[in-house]
Each structure stands twice: as structure tokens, then as C-alpha cells.
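First the structure, in the form of C-alpha cells, and then the observations on it.
We number each residue from 1, following the sequence as shown. Just so you know, these numbers come straight off a predicted model, no measurement behind them.
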Amino acid sequence: KAVLGKRTSTSSAYGRVEYIQFPIGCESGDLRYKEIAVVSAFHPAYVHRRPELFGTFETQLRLFTALLAGKDVGGEEQDLDHRVIYNAALLRKYVDEVRADPSRWLIAVDCEWHGISPNEPGAYLRTVQTSTRHGEGICVVLHHQGGQPAFVPARSYAIEELRRLLLTDEEAGYYPRVGGHLLRRYLPWLISVGIDCRKEFAAPATPEEMRPRGGWDSTLAYHAVNETASFHLSDMALQLTTAPRYDLDVIKWREAYCSKHKLKAKELEGYGDCPDWLLLSRYAPYDPDVARRSFIRCASEIRNLTTSIT
């Protein structure tokens with residue numbers, strides 16, 4: 001707190017590298033400054049009392065040792081395919097590409113919305129995000145900040161294409177495997193606009209079908225690997241992927257918004273009032289991307305574990 005500010009905690013600083021300048025003396029009447037990199041970590045005694053935090057603590061120490069080695073820590077990833085789509089032609093092209101490539105049928109889904117539930121007055125589904133391969137995050141924008149229509153020519157065109165992407169088409173031989181990070185939270189919002197992918201999210205009929213078919217959840221997969229870990233998506237991303245902390249700007253906005261409107265964080269009714277430029281370009285595409293990457297990593301570890309046991 002003395003270095004990063006009173007509002008900073010070890011948890012909020014997790015995964016961040018802050019660069020701070022401080023004066024170290026004068027030369028010819030001008031102050032000379034030194035820049036240092038600051039990272040935070042839990043106290044070992046705290047981790048000893050809460051062993052479920054050991055994985056997080058290990059990541060914090062790896063971040064520190066990487067900085068000591070002169071590595072670029074917390075920098076931007078390269079070769080990402082993160083896109084924001086507002087029109088039907090681009091969305092149709094994307095959906096056609098996915099349907100034609102079975103290697104992309106494992107689909108992560110995420111949503112942003114406004115309101116406590118989709119049935120209350122004034123509530124709306126703002127975005128639907130998907131990822132079908134490593135480094136991909138596609139954000140389909142249905143509404144702008146404040147609820148103004150965004151998709152061209154109309155929202156119904158987006159829903160039609162998203163149904164083609166997320167729902168089974170037996171005649172065409174298309175069988176998507178739909179999942180995400182706590183996807184059950186988003187299902188009511190998807191169902192409310194006509195995208196009922198419960199069948200695609202459901203577990204397969206037999207254990208033998210579980211690897212090639214059926215839905216999935218990155219949270220449950222990580223729990224199978226480490227049942228005492230933190231299951232926040234940003235924490236999982238730092239543990240299981242090369243993604244940086246991508247949610248910090250949205251967290252700052254949320255804190256400022258709640259403070260201005262005298263709300264507790266749990267009382268915030270979604271991200272309907274978050275500016276487009278802040279929510280859509282980085283935060284929204286990363287969510288399904290890291291959820292899918294985390295699941296792939298956990299599924300690989302589970303497969304190795306079951307193989308060694310058998």
C-alpha cells in the first residue's frame with residue numbers, strides 16, 4: 001500500500017507489474033530518477049494457513065524470478081485473433097469457417113449483459129463472445145453502452161448466425177461442443193434470445209463419448225486438477241495460460257462506477273454502462289479465449305493422470 005496506493009491489495013495486484021520512478025539525487029541541479037518494477041506476493045505464513053493459495057503463490061514467485069532474469073513479464077501476447085463484430089456479413093463468414101473445420105468445434109462461449117435477470121424490465125444481452133481455437137476471441141456486439149442497438153442490419157441476424165454456430169445441425173453433420181467458464185450463468189441470457197444450447201452443453205450419454213463429444217466447463221476441469229485453487233477466470237488464466245492480466249481497466253471502471261453510484265460490487269447489474277472502447281476491445285474477447293485455453297490445458301493434465309493410473 002505504501003508503494004502502490006491505499007486502495008491496492010495483494011489480490012488486486014496479482015499478476016500485475018507496476019513500474020515506479022523515484023528520485024535518487026541531483027545532478028547539475030536536476031533530479032535524477034530510478035525506475036523499478038514492483039510485483040506483489042502473499043506472505044508465506046498466510047499461504048501456510050491457506051494451502052489452497054499455494055498455486056497462486058507459486059505463480060507470484062515465478063513472476064518475480066522472471067523479472068530478475070530480465071524477461072518481459074505481463075506484456076502483450078502476439079498472434080492473437082481478437083475481433084469485434086457488428087455486422088452480419090462478417091459474422092456469417094466466421095461461422096461458415098468454423099462449421100467447415102471440425103478441429104474448431106470445441107467452442108467457448110461468454111456473455112456480457114445488463115440487469116439481474118433477462119426477464120426484468122430494461123435488461124438486455126449486450127455481447128456474445130466465442131473462441132474456437134488458441135488465441136481467438138470473437139466479440140459479437142448486440143447493444144452499445146446504455147442499450148442502444150449495435151448489430152447491423154438487426155439483432156435478429158446475429159442471433160440467426162449464433163444459432164448456426166452453437167446449435168447442432170445433424171443434416172449438415174455439425175456437432176459443436178459448447179462450454180465456457182461457469183457457462184450455466186450465461187445460459188438464461190442465451191436462451192432468452194433464442195439460443196438454447198443446453199443440449200450442446202450437456203454431458204454425453206456414455207463415458208466412452210466424453211472425450212470426443214459433449215459440453216465442458218473450465219471451472220470443473222480445473223477443479224479436477226486442483227480442487228483447492230482459485231477459480232476466478234483471471235487467476236486461472238495466469239496459472240494455466242500465457243495471457244496477461246487483461247481485466248484491470250474494467251476493474252478500475254467498476255470500482256469507480258460503484259463508488260460514484262454508492263453501490264457494492266455485488267449490486268452492479270452487469271456491464272451495460274461500461275464504455276464500448278473499454279469493454280469490447282480487450283476484456284470481452286479475452287474471456288472465452290482463456291476459458292478455452294484453460295480447459296485444453298486441464299483436459300491434457302487429466303488425460304495424462306488417467307493414463308498413468310490405468
Side-chain angles (χ1 to χ4, degrees), residues 9-16 42 52-60 62-63 74 76-77 80-82 84 106-113 125-140 177-190 197 201 215-255 265-266 268-271 274 278-302:
S9 65
T10 303
S11 298
S12 66
Y14 176 42
R16 293 165 54 183
F42 294 128
E52 70 272 15
L53 295 176
F54 181 80
T56 301
F57 181 58
E58 184 179 27
T59 300
Q60 292 169 335
R62 286 178 179 171
L63 181 66
E76 297 299 316
E77 293 186 293
L80 293 177
D81 181 16
H82 285 184
V84 180
L106 184 82
I107 305 176
V109 183
D110 198 277
C111 300
E112 306 301 338
W113 60 80
L125 180 62
R126 185 170 177 184
T127 65
V128 178
Q129 306 102 266
T130 62
S131 177
T132 67
R133 59 187 175 188
H134 183 94
E136 178 187 272
I138 306 299
C139 178
V140 181
R177 301 183 60 191
V178 173
H181 186 78
L182 297 173
L183 179 63
R184 62 186 181 274
R185 293 176 54 206
Y186 314 133
L187 281 174
W189 294 90
L190 292 168
C197 52
F201 179 52
W216 55 275
D217 189 290
S218 57
T219 317
L220 298 178
Y222 193 32
H223 184 270
V225 173
N226 185 353
E227 63 183 21
T228 61
S230 166
F231 300 108
H232 292 293
L233 184 56
S234 58
D235 291 346
M236 288 176 54
L238 290 172
Q239 293 275 5
L240 302 171
T241 78
T242 58
R245 279 296 297 266
Y246 61 90
D247 59 341
L248 296 175
D249 290 337
V250 171
I251 289 175
K252 290 179 181 178
W253 171 85
R254 184 178 66 200
E255 292 174 347
K266 64 181 180 181
L268 183 66
E269 299 180 357
Y271 287 138
C274 188
L278 182 60
L279 182 70
L280 306 181
S281 61
R282 179 177 174 87
Y283 177 82
Y286 248 124
D287 268 356
D289 180 11
V290 297
R292 188 180 187 278
R293 285 196 245 173
S294 297
F295 173 74
I296 294 293
R297 168 78 180 273
C298 292
S300 176
E301 293 190 18
I302 294 170

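Within the 4.5 Å cutoff, the side chain of Glu77 has heavy atoms near those of the Thr242 side chain. Between Leu238 and Arg245, some side-chain heavy-atom pair lies under the 4.5 Å cut-off. No side-chain heavy atom of Asn226 sits under 4.5 Å from any side-chain heavy atom of Gln239. Looking at Arg133 and Asp81, their side chains come closer than 4.5 Å, going by heavy atoms from C-beta outward. A 4.5 Å side-chain heavy-atom check between Ser131 and Asp289 finds at least one atom pair inside the cut-off. The shortest distance between side-chain heavy atoms of His82 and Arg282 does not fall below 4.5 Å. By the 4.5 Å heavy-atom criterion applied to side chains, Cys197 and Val109 are not counted as neighbours. The closest side-chain heavy-atom distance from Asp247 to Leu233 is not below 4.5 Å.
How far OG of Ser234 is from OH of Tyr283: 8.5 Å, rounded to the nearest 0.5 Å. Separation of atoms CG (Asp110) and OH (Tyr286) is listed at 14.5 Å; rounding is to 0.5 Å. Interatomic distance, Leu220 CG to Leu183 CG, rounded to the nearest 0.5 Å: 10.5 Å. Rounding to the nearest 0.5 angstrom, the gap separating the OG atom in Ser218 from the CZ atom in Arg293 is 12.5 Å. Separating the OH atom in Tyr222 from the NE2 atom in His181 is a distance of 11.0 Å, to the nearest 0.5 Å. Within the model, atoms CD1 of Ile107 and OG1 of Thr130 stand 7.0 Å from one another, a figure rounded to the nearest 0.5 Å.
The two residues Ile302 and Ala221 come nearest to each other via the heavy atoms CD1-O, 3.8 Å. In terms of heavy atoms, Ser230 sits closest to Asp235 at OG-OD2, 2.6 Å. Residues Gly179 and Phe201 come closest through the heavy atom pair CA-CD1, 4.2 Å. Residues Leu278 and Trp253 come closest through the heavy atom pair CD2-CB, 3.4 Å. In terms of heavy-atom proximity, Arg292 sits nearest to Ala108 at CB-CB, 3.8 Å. The two atoms that bring Trp113 and Leu125 nearest to each other are CB-CA, 4.2 Å, heavy atoms only.
In this structure, Glu112 contributes its side chain and Arg126 its backbone to no donor-acceptor pair below 3.5 Å. Side chain of Ser294 to main chain of Val290: a donor-acceptor pair is present (N/O by atom type, distance under 3.5 Å, no hydrogens or angles). Side-chain N or O atoms of Arg297 include one that pairs as donor or acceptor with a backbone N or O of Leu240 at under 3.5 Å.
In this structure, a donor-acceptor pair under 3.5 Å is present between the side chains of Tyr271 and Arg254.
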Self-check item: Candidate pair Tyr246 and Asp287, rule side-chain contact (heavy atoms from CB on, under 4.5 Å), full reasoning
Solution: CA-CA 9 Å; Tyr246 61 90; Asp287 268 356; 2.7 Å; yes
